[in-house]
Amino acid sequence: MAEYDPQAIEAKWQKNWEEQRAFEADPDPDRAKYYVLEMLPYPSGTLHMGHMRNYTIGDVVARYRRMRGFNVVHPMGWDAFGLPAENAAIQRGIHPREWTLGNVVEFKKVCGRFGFSYDWRREIATCDAEYYHWNQWIFLRMLERDLAYRKKSRVNWCPKCATVLANEQVVNGCCWRHEDTPVEVREIEQWFFRITRYAEELLKDLDGLAEGWPERVVTMQRNWIGKSAGARVRFAVAELAGKTVEVFTTRIDTIYGAAAVILAPGHPLVAELLAGLPARAEAEAKLAQMKQASAKAEDLATAEKTGFATGRHAVNPFNGEKLPIWVGNFVLMEYGTGAVMAVPAHDQRDFEFCTKYKLPIPIVIQPTDGAPLSAETLKEASTEYGKLVNSGPYTGLTSEEAIRRMTADAEARGFGRGEITFRLRDWGISRQRYWGTPIPVIYCQRDGIVPVPDDQLPVRLPEKVAISGQGQSPLAGVPEFVNVKCPKCGGAARRETDTMDTFVDSSWYFLRYLDPHNSKKPFEPELARYWFPVDQYIGGIVHAILHLLYSRFLCKVLRDLGFVQASEPFTRLFTQGLVLKGGTAMSKSKGNVVGAMEMAVKYGADTGRVYTLFAAPPEKDMEWSEQSVEGCARFLKRVHRLMERHAPSVRAHAAGMGDLASASEKEKVLLRKTHQTLRRATNDFETRWHFNSAIALIMELVNEIHAQEPFGDAVRPAVLKEVLELLTLMLAPMAPHIAEELWEMLGHNGGLIQASWPQYRAEFAAEEQVEIVAQINGKVRAKIVVEVGLDEDSLAARAMGDPKVAEAIRGKQIVKKIVVPDKLVNIVVR
RNA sequence: GCCCGGGUGGCGGAAUGGCAUACGCGGGGGACUUAAAAUCCCCUGUCCUUAACGGGACGUGUGGGUUCGACUCCCACCCCGGGCACCA
């Protein structure tokens with residue numbers, strides 16, 4: 001007997017699949033397509049089992065769908081631009097491309113070793129000019145439509161690196177490379193994508209994703225977009241004729257309760273207000289201090305509210321009341337108008353601020369039920385809707401009515417209007433980095449911002465660059481790159497030296513897979529018409545907002561450019577759990593990784609796959625256990641031995657179940673267990689993706705086959721072959737190599753890779769007898785075995801005939817009998 | 001603070017409102033073996049009771065509720081994990 005040898009088996013079948021190009025998929029109008037995709041990986045150094053879980057899940061789905069007859073496209077590629085490559089370059093003195101492509105080679109090797117069924121003809125790397133050419137092309141189309149624009153904005157700045165950092169490179173308010181250096185806020189010119197133009201649609205289309213996306217991801221996106229309906233109201237500055245300040249409020253009904261108008265420290269009006277005032281110098285010092293404060297979100301949220309009065313006043317347009325204008329650290333320039341009216345009685349932040357600075361706290365909303373509010377006893381703001389008081393002509397209205405009428409009146413009287421505001425901000429895509437897509441614009445003294453003409457694309461990244469991690473974009477130090485002629489006037493001009501955020505790369509790659517080598521367009525719309533959208537997307541919850549939102553945005557942009565028809569890129573989204581070791585997520589930096597290649601070498605890919613599927617349902621986090629890995633290895637060995645024992649005697653026979661009437665008892669048991677397993681496993685594959693319980697079921701089936709051994713003459717070869725074939729087919733998506741081997745042992749010439757998922761047969765799965773639970777007052781008192789389908793009365797009679805039941809109910813009054821056919825009898829007695 | 005997810009044996013986990021703990025790990029015992037490994041078989045929630053076979057009670061974070069019957073549904077709360085966070 002040959003021992004199960006995963007190394008040999010896996011190499012053999014991987015070669016076989018490659019030779020028959022088993023995973024190459026092309027459009028076929030006669031077959032239903034299925035696009036399954038795992039999130040584009042960043043090819044970092046070490047691949048561990050945390051990564052492999054994601055791809056294993058995707059591969060099981062891809063293989064299962066193929067077995068169900070779908071034309072499955074399952075591509076893979078590399079998110080190859082990014083900072084780690086630049087840092088590696090600095091640390092090791094090698095070019096980022098070299099480092100990245102070296103990792104890609106490793107990554108591909110591991111993917112192959114795990115038997116992932118990718119169509120490698122479609123492989124892309126975002127750092128190839130062949131790919132980023134089309135980033136630039138899309139950028140230019142967006143520029144034409146005013147979807148890309150340049151403006152000054154606040155960014156994270158590390159003084160030690162002397163460069164801008166992405167939000168994700170800010171760790172605890174400090175630079176990720178200088179952990180003791182707080183990030184500063186600076187204002188610089190940057191390129192933006194106008195994602196806010198799609199805010200309403202991005203929000204509305206979430207409704208359509210509720211079916212196929214995890215609820216929490218939909219909720220997170222909804223909150224992130226943060227739509228809020230309110231009004232914009234203009235206040236005149238009392239001391240400066242013609243000057244006004246606009247505030248945004250969702251509670252215009254509380255405007256008679258305003259105690260002040262508060263501006264963000266960065267508000268453009270602040271300087272004008274302070275000009276000419278005696279306390280100006282002092283105020284400006286306070287202002288500078290506020291602007292220096294930590295930009296960290298948690299700090300912002302918990303920092304004590306501070307502010308100062310400017311000495312100027314704003315006129316409440318509703319009642320002419322003069323309100324002091326303050327500057328407050330809690331007012332955000334980025335949201336609304338950068339100015340708020342402070343209504344301390346009905347907003348908690350305003351309450352804290354006004355209490356601290358001893359501003360009045362007038363009450364203008366009384367609750368419709370409960371005790372009325374009084375200024376003396378108010379401990380916190382009352383933010384509920386209610387009835388208006390002390391509000392001039394609006395007194396007595398409900399909040400809802402007041403909001404409607406006051407908004408209309410403000411508009412009629414010309415000092416305000418209703419407005420929808422979003423929390424979502426435009427996407428800053430400029431990075432002062434080398435290893436990314438060059439932004440294809442040129443700055444000309446005469447012509448200003450000039451797009452690089454399409455026929456001059458791609459703007460290639462120069463290879464020879466000094467990457468120091470210091471100062472500005474390294475590209476600025478390459479004169480051949482920077483100094484160009486203006487495409488319009490031919491005069492001397494400078495090329496943009498910033499590169500694009502790598503999230504641009506990953507926001508449309510799933511379309512490039514469909515036509516990866518097109519040199520005329522980003523992709524052929526006809527191909528997208530067949531394959532797109534992605535039917536099943538699989539990845540980590542980490543990308544719940546950024547990547548998934550950007551991809552949705554670019555999909556809509558490409559739709560409006562006429563390239564795709566779908567408005568949403570991912571019909572279904574699956575977010576898999578983390579792989580933990582020692583309680584924390586596997587990561588190289590924490591040193592708690594189990595290497596993917598080591599795993600494959602020690603146990604084989606199938607064991608690695610089966611274990612990651614078996615340890616927990618795929619959406620949950622799982623804790624790595626080496627001992628459980630061994631359990632899975634044992635299981636596969638056991639299956640292999642089972643086949644070695646029986647394949648020789650069945651391989652010459654055709655599989656067939658015959659009919660039940662002539663079946664022996666052992667045959668019935670085997671067929672029943674097999675078809676029950678198939679029924680439940682199919683359900684697990686189709687609906688819940690609970691591969692852990694699918695594997696458990698198959699283990700049970702194997703145990704049952706063991707329990708029925710030896711078979712002797714009681715099990716005919718055709719029946720046994722049927723059982724073993726179904727077992728093999730069920731194993732195929734999860735442990736594809738050993739399944740192919742078992743299939744061959746069973747006498748098949750053609751590969752399992754062409755086989756279909758089997759259909760279970762109800763007549764074989766059906767039990768002849770069932771065990772019925774007999775309960776007294778809901779407690780189990782006996783179990784009786786009866787034939788299936790026994791009617792309620794007979795079942796009740798049989799239960800009561802059981803000695804234990806009879807004993808329990810003797811002398812008691814029967815109140816009620818509950819009978820569930822084929823399940824239980826519950827007798828309620830008193 | 002707000003929004004998700006979760007809490008079941010020693011561990012990972014399983015259960016359309018109907019036998020709680022399937023399957024696997026670990027542990028214990030046995031078979032095979034000169035021995036070990038590998039393999040195969042049996043046992044393995046807690047407590048009480050019995051010489052034993054067996055019998056009984058309790059048991060899915062806590063407290064209530066609905067129901068003939070609750071891990072599952074409802075209400076309140078506790079704990080753990082994650083996300084968002086001065087959004088006017």
Side-chain angles (χ1 to χ4, degrees), chain A residues 3 214-220 222-224 226-228 230-231 247-252 254 262 264 297-305 328-332 334-343 346-350 352-353 383 421-425 541-542 544-545 575 577-578 580 583 610-611 614-617 619-632 634-635 637-638 641 683 690 692-703 706-707 709 771-783 815-820 822-829:
Chain A
E3 181 77 344
E215 186 195 305
R216 59 177 170 153
V217 177
V218 172
T219 308
M220 281 163 81
R222 196 168 274 141
N223 293 341
W224 185 266
K227 178 178 177 172
S228 86
V247 303
F248 175 76
T249 177
T250 54
R251 292 297 303 275
I252 196 171
T254 64
I262 309 177
E298 301 93 289
D299 290 353
L300 283 177
T302 52
E304 199 191 341
K305 291 174 180 48
N329 66 339
F330 69 101
V331 180
L332 306 174
E334 294 79 8
Y335 185 78
T337 60
V340 300
M341 60 177 199
V343 183
H346 305 293
D347 180 286
Q348 187 56 29
R349 294 154 299 176
D350 299 343
E352 288 166 25
F353 191 82
T383 57
T421 308
F422 291 91
R423 207 184 78 104
L424 182 67
R425 289 188 243 153
I541 186 76
V542 207
I545 294 176
T575 51
L578 298 170
L580 314 176
V610 167
Y611 170 65
F614 181 63
E619 72 277 10
K620 280 183 67 176
D621 291 351
M622 58 173 273
E623 173 70 33
W624 190 265
S625 155
E626 188 78 10
Q627 287 174 325
S628 292
V629 173
E630 301 207 6
C632 290
R634 266 203 289 276
F635 165 64
K637 279 187 212 158
R638 196 166 144 94
R641 272 196 307 274
N683 186 52
H690 278 196
N692 57 329
S693 58
I695 292 169
L697 288 167
I698 297 170
M699 287 173 169
E700 280 189 62
L701 173 59
V702 171
N703 291 347
H706 266 260
E709 286 180 317
E771 197 178 59
I772 299 289
V773 177
Q775 299 179 332
I776 308 295
N777 292 344
K779 287 198 188 290
V780 180
R781 284 291 171 250
K783 292 170 188 178
V815 180
K816 202 170 181 181
K817 285 185 233 172
I818 287 103
V819 182
V820 183
D822 297 341
K823 278 239 172 79
L824 99 169
V825 175
N826 185 16
I827 295 160
V828 185
V829 297

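What you see is a predicted model, and the numbers here were worked out from it, not measured in a lab. Residue numbering restarts at 1 for every chain, and letters A, B, ... go by the order of the sequence lines.
Under 4.0 angstrom from either OP1 or OP2 of B:rA14 there lies at least one side-chain N or O belonging to A:N692. In this model, the phosphate group of B:rC87 is approached by a side-chain N or O of A:R349 to a distance below 4.0 Å at OP1 or OP2. Distances shorter than 4.0 Å separate none of the side-chain N or O atoms of A:N223 from OP1 or OP2 on B:rC4. Between A:R423 and the phosphate of B:rA85, there is a side-chain N or O to OP1/OP2 separation shorter than 4.0 Å. For the OP1/OP2 pair of B:rC40 and a distance below 4.0 Å, the side-chain nitrogens and oxygens of A:R638 include at least one atom meeting the criterion.
Taking the six-membered ring for Trp and thresholds of 30 and 60 degrees, A:F330 and A:F353 have ring planes inclined between 30 and 60 degrees apart.
The base of B:rC86 lies close enough to the side chain of A:K305 for a donor and an acceptor atom to sit less than 3.5 Å apart. Scanning atom types as modelled, one donor and one acceptor separated by under 3.5 angstrom connect the side chain of A:Q775 and the base of B:rG18. A donor and an acceptor atom sit less than 3.5 Å apart, one in the side chain of A:K783 and one in the base of B:rC19.
Counting any heavy atom pair closer than 4.0 Å across all strands shown, A:G631 reaches sugar-phosphate atoms only and no base atom. At the heavy-atom level, A:E352 lies nowhere under 4.0 Å from the strands shown. A:S625 comes within 4.0 angstrom of no nucleic acid atom, judged by non-hydrogen atoms across all strands. Using a 4.0 Å heavy-atom criterion, one finds that A:Q627 contacts the sugar-phosphate atoms exclusively. A:R781 comes within contact range of the sugar-phosphate backbone alone, with a heavy-atom separation under 4.0 Å but no base atom that close. In this structure, A:N826 reaches the bases: a heavy-atom distance under 4.0 Å links it to at least one base atom across the strands shown. Counting any heavy atom pair closer than 4.0 Å across all strands shown, A:D621 reaches sugar-phosphate atoms only and no base atom. Base engagement by A:E771 is indicated by at least one non-hydrogen atom pair under 4.0 Å involving a base atom. As judged by a 4.0 angstrom heavy-atom cut-off over every strand, A:P214 is placed among residues making no nucleic acid contact. Within 4.0 Å (heavy atoms only), A:V343 reaches no atom of the nucleic acid at all.
Counting to the nearest Å, the C1' atom of B:rG26 and the CD atom of A:E626 are 15 Å from each other. Residue A:I541 contributes atom CD1, which lies 10 Å from atom P of B:rC84 at whole-angstrom precision. When rounded to the nearest whole Å, the span between NZ of A:K816 and C1' of B:rG69 equals 10 Å. As rounded to whole Å, 9 Å separates atom C1' of B:rG7 from atom NZ of A:K620. Put simply, CD1 on A:I698 is 16 Å from P on B:rA14, counting in whole angstrom units. Between the P atom of B:rG24 and the OH atom of A:Y611 lies a distance of 15 Å, rounded to the nearest Å. Rounded to a whole Å, the CD1 atom of A:I827 is 16 Å from the P atom of B:rC68. When rounded to the nearest whole Å, the span between CG of A:L580 and C1' of B:rG82 equals 12 Å.
Between A:R781 and A:I827, every side-chain heavy-atom pair lies at or beyond the 4.5 Å cut-off. Between A:D347 and A:R251, the closest side-chain pair of non-hydrogen atoms is not below 4.5 Å. Using a 4.5 Å heavy-atom threshold, the side chains of A:E334 and A:R423 count as separate. Here the side chains of A:F614 and A:M699 are in contact, with some heavy-atom distance below 4.5 Å.
Nearest to the side chain of A:R641, among B:rU39, B:rG69, B:rC86, sits B:rU39. Side-chain proximity of A:S628 to the nucleotides B:rC23, B:rC84, B:rC25 is greatest for B:rC25. You'll find that the side chain of A:L332 is closest to B:rC87, out of B:rC68, B:rG13, B:rC87. With B:rG13, B:rC40, B:rA85 as the choices, the nucleotide that has an atom nearest any side-chain atom of A:P617 turns out to be B:rG13. With distances taken from any side-chain atom of A:L824 to the nucleotides B:rG18, B:rC19, B:rC84, the minimum falls on B:rG18. Of the candidate nucleotides B:rC23, B:rG18, B:rA88, B:rC23 has the atom lying nearest to any side-chain atom of A:A696. Nearest nucleotide to the side chain of A:H690, out of B:rA15, B:rC23, B:rC25: B:rA15. Looking at the side chain of A:R425, the nearest of the listed nucleotides B:rC87, B:rA88, B:rC41 is B:rC87. With B:rA88, B:rG24, B:rA85 as the candidates, the nucleotide lying closest to the side chain of A:S228 is B:rA88. Which of B:rC84, B:rC25, B:rC86 sits closest to the side chain of A:N329 comes down to B:rC86.
Rounded to whole Å, the separation between the P atoms of B:rC80 and B:rA88 comes to 30 Å. As rounded to the nearest Å, B:rU44 and B:rA22 have P atoms that lie 10 Å from one another. Comparing the C1' positions of B:rG29 and B:rG81 gives an interatomic distance of 40 Å, to the nearest angstrom. Using atom C1' as the reference point in both B:rA14 and B:rU49, the two lie 32 Å apart (nearest Å).
In this structure A:V331 satisfies the side chain to side chain contact (heavy atoms under 4.5 Å, CB included) test together with A:I262, A:A264, A:V340, sequence neighbours excluded.
Base-pairing analysis of RNA chain B finds the following stems of at least three consecutive Watson-Crick or G-U pairs, with both pairing distances under 3.5 Å: B:1-7 with B:78-84, B:10-12 with B:23-25, B:26-31 with B:39-44, B:45-49 with B:54-58, B:61-65 with B:73-77.
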